[in-house]
Amino acid sequence: MLNILVSGASIAGPASALLLARQGHTVTVVERAPSLRPGGQTVDLRGAGRTVIDRMGLTAATDAKLLNQRGIATVDAGGRHVSELPVEAFDGNGIVSTHEILRGDLSESIVDAVPSTVEWIWDDTVTAITRDGEHAVVSFEKAPYRRFDLVIGADGLNSAVRRAAFGPDGEYLDPIGLRYAWFTATIDQSLDGWYLMHNEVGGRVVSCRPSRVDGTVKASLAVRGIDPVPLRDRVAQWDMLDAAFTDVGWVAPQLLNQMRDADDWAYADLAQVKMESFARDRVVLVGDAGYCPTPLTGLGTTLALVGAYVLAGDISRYDDVDAALDAYQQVMRPFIARTQQLPPGGASGYAPSSRIAVILSRWTYWSMNRWPMRNILASQFAKADGIDLPGYSLA
């Protein structure tokens, strides 16, 4: 059995810890946050990701926390619906699926099932990793260094494990030119179960999604831009968004007034992670840390769950760690290549810059469930099922 460190306690990390601990491995999880982060935005449990949830035995736990949503609608500056795509479209696997759950609720459901043998280290992070024979020596920001047989980086787009073991972020991040912020807010308009989105010229997007807490919404502000904003400088992020959305209508003024006080503020300069190899010297990456597809694909959670499942499965199948990591990469690579393909238009399709482009974008949403757009988008949504999951013995 292996002594394994998992970095990250969102989705890929707890899923990896659960599956590996069930096999009898000694597992430690380290997380930068002081505790499990609640709430968060809505994520999809669709396709192969939902199959993994089923095989982990978590279907009932996650189904109990699913959100009841009617679909996605674009709105004008006054909040009037311009187009609607109901949740039933694409057999419940469209932009809004029939199995949507808050990130924090999904994470909590997985963590609750993690065996008690797993050790948790909160409010700490990996700072350096060196190889010593068949072990990885890990230095932490606060805790003393320790030796592990395997280190799993499941710590997201800006992975500390990836930087420590593979090199600077700039070598692997492929920005798509979109700045994105998420937080919980209240607005003076009822969503009535809809995910509402408003596009404005200049590549600006305001959106609000239903929450499980009455009177609140899951809000986001997105704007086109290529100059990165410091990840941990919230004031710089707020100032940038204030300047970008100062003349935008609908509920933008309300969101700008609340964003500085949001206790679940999250921000990212969206980028894909592109790596020739996401395993090296007893270190392996899972989920966004190794192959982030960006939220525009709607497949990040699917990749995280499938990656954790395949990695644990191949570790159970092979006696040799290096052989297991090679097999994991071989299974995942074709699926990653397909899921990282952005929807038509990419960032410009999601956040159009000109007035004509905004009008065309609204037409696109209106025509999504009609030929020929339906056929084009059906292939995008079908990517969640684009892997033949091996049948591993994981218990």
Side-chain angles (χ1 to χ4, degrees), residues 41-42 71-86 89-90 94-96 174-182 187 189 191 194-209 218-229 237 240-256 267-272 292-300 339-381 383:
Q41 293 292 307
T42 306
I72 184 172
T74 58
V75 298
D76 62 19
R80 292 176 292 272
H81 288 213
V82 177
S83 66
E84 295 179 349
L85 186 69
F90 298 95
I95 294 178
V96 174
D174 183 13
I176 67 169
L178 191 63
R179 302 158 170 171
Y180 218 116
W182 304 263
I187 59 174
Q189 176 181 348
L191 300 183
W194 290 94
Y195 166 19
L196 301 183
M197 185 172 72
H198 172 62
N199 288 100
E200 188 54 84
V201 296
R204 298 172 291 178
V205 185
V206 183
S207 66
C208 292
R209 306 187 72 159
K218 297 300 181 179
S220 69
L221 298 170
V223 59
R224 299 278 295 279
I226 59 175
D227 295 326
V229 180
Q237 296 161 13
M240 181 273 293
L241 292 169
D242 264 330
F245 287 86
T246 184
D247 62 340
V248 176
W250 189 39
V251 296
Q254 299 174 53
L255 301 185
L256 294 178
Y267 175 87
D269 289 294
L270 298 192
Q272 294 190 326
C292 176
T294 78
L296 293 193
T297 67
L299 295 170
T339 53
Q340 284 195 328
Q341 295 171 356
L342 294 175
S348 61
Y350 175 77
S353 294
S354 68
R355 187 160 300 281
I356 291 177
V358 168
I359 293 172
L360 288 173
S361 176
R362 290 175 178 173
W363 176 86
T364 298
Y365 280 96
W366 176 84
S367 63
M368 277 184 176
N369 207 25
R370 298 171 173 83
W371 185 90
M373 285 300 298
R374 179 179 173 83
N375 292 349
I376 296 172
L377 292 170
S379 63
Q380 175 70 25
F381 299 138
K383 291 175 183 177

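For the pair I226/P175, no side-chain contact is recorded, criterion being any heavy-atom separation below 4.5 Å from C-beta on. Between H81 and E84 the shortest side-chain heavy-atom distance falls below 4.5 Å. Contact check for L85 versus F90: side-chain heavy atoms found under the 4.5 Å cut-off. In this structure, Y267 and M240 have side chains that are in contact, with non-hydrogen atoms separated by less than 4.5 Å. Side-chain contact between V248 and V206 is present, with at least one heavy-atom pair separated by less than 4.5 Å. Counting only heavy atoms from C-beta outward, the side chains of L256 and L221 approach each other to under 4.5 Å.
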Quiz item: Are V229 and D269 close enough, and set up right, to give a side-chain contact (heavy atoms from CB on, under 4.5 Å), and what steps lead you there?
Solution: CA-CA 7 Å; V229 180; D269 289 294; 4.2 Å; yes
Quiz prompt | Audit row: S354, V201, side-chain contact (heavy atoms from CB on, under 4.5 Å) steps and yes/no | solution = CA-CA 5 Å; S354 68; V201 296; 5.9 Å; no
Quiz prompt | Criterion side-chain contact (heavy atoms from CB on, under 4.5 Å) on E200 and R355, from CA distance to verdict | solution = CA-CA 8 Å; E200 188 54 84; R355 187 160 300 281; 4.1 Å; yes
Quiz item: Where do C208 and L191 land on the side-chain contact (heavy atoms from CB on, under 4.5 Å) test, with the steps shown first?
Solution: CA-CA 8 Å; C208 292; L191 300 183; 3.9 Å; yes
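Annotation: the span from L296 atom CG to L178 atom CG amounts to 6.0 Å, rounded to 0.5 Å. I72 contributes atom CD1, which lies 4.5 Å from atom CE of M197 (distance to the nearest 0.5 angstrom). Rounding to the nearest 0.5 Å places CH2 of W250 at 8.5 Å from NE2 of H198. The OH atom of Y195 sits 11.0 Å away from atom OG1 of T74, with the distance rounded to the nearest 0.5 Å. Atom OG1 of T42 is separated from atom CZ of R209 by 4.5 Å, given to the nearest 0.5 angstrom. The structure places CD of Q340 at 8.5 Å from CG of D174, a figure rounded to the nearest 0.5 Å.
Checking side-chain atoms of R204 against main-chain N and O of N199 turns up no donor-acceptor pair under 3.5 Å. For T246 (side chain) and A243 (main-chain N/O), no donor-acceptor pair under 3.5 Å exists by modelled atom type. Judged by distance alone, with hydrogens and angles left aside, the side-chain atoms of R179 form a donor-acceptor pair with the main-chain N or O of D227 at under 3.5 Å. Distance alone, capped at 3.5 Å, is enough to place a donor-acceptor pair between the Q272 side chain and the P293 backbone.
Residue T297 comes nearest to T294 through the heavy atom pair OG1-O, 3.0 Å, listed as atom of the first residue, atom of the second, then distance. When all heavy atoms of W182 and S220 are compared, the closest pair comes out as CD1-CB, 4.2 Å. Of all the heavy atoms in A181 and L241, the pair that sits closest is CB-CD1, 3.8 Å.
Listed by chain and number, the residues in a side chain to side chain contact (heavy atoms under 4.5 Å, CB included) with C292 are L157, V273, D288 (sequence neighbours excluded). In this view, R224 satisfies the salt bridge (Lys or Arg N to Asp or Glu O under 4.0 Å) rule with no residue, not counting sequence neighbours. Partners of D76 by side chain to side chain contact (heavy atoms under 4.5 Å, CB included), not counting sequence neighbours, listed by chain and number: R80, V82, R362.
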